[in-house]
Amino acid sequence: MKNSGKFGGLYRPLGDSQVKAIHEASLSILEDTGISCESGQEELLADLEKTGAKIDRKKSRIRFEKDLVAEAALRDAIPADHPGKDQHD
């Protein structure tokens, strides 16, 4: 039986442009719409505000600018193991 999959067992159902479009849409949602927050989270909101998040207490929304998300992703990135991926030396 011939293996027609990608080398190394990588499964990539989306192309690079599709992944980029999803990423950009996610960043836009975090920046423009934000996420809702429940009451009683003042300590969390204060901490997020210190890190640069925009807090709208009247509308109970937390917004994250794109640059803030990118900085956090780079700073807090954790290398991931990929179980099942062929290891080549």
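What you see is a predicted model, and the numbers here were worked out from it, not measured in a lab. Sequence positions, counted from 1, serve as the residue numbers for this chain.
Closest non-hydrogen pair, G52 versus L68, comes out as C-CD2, 3.5 Å.
Taking the side chain as every heavy atom from C-beta outward, I35 and I29 never approach each other to under 4.5 Å. Considering only heavy atoms from C-beta on, L27 stays 4.5 Å or farther from F64 through its side chain. Between L48 and L44, some side-chain heavy-atom pair lies under the 4.5 Å cut-off. For the pair D32 and R63, the minimum side-chain heavy-atom distance is 4.5 Å or more. Looking at heavy atoms from C-beta onward, S36 lies in side-chain contact with R61 at the 4.5 angstrom threshold. Looking at L45 and R57, their side chains come closer than 4.5 Å, going by heavy atoms from C-beta outward.
Atom NZ of K66 is separated from atom NE2 of H23 by 9.0 Å, given to the nearest 0.5 angstrom. Between the CD atom in E31 and the OG atom in S26 there is a gap of 12.5 Å [rounded to 0.5 Å]. To the nearest 0.5 Å, atoms CD1 (I62) and CG (D56) are separated by 10.5 Å.
Heavy atoms of other residues, nucleotides or ligands lying less than 6.0 angstrom from NZ of K20 number 12 at most.
With hydrogens and angles ignored, the 3.5 Å screen pairs no side-chain donor or acceptor of Q41 with any backbone N or O of E38.
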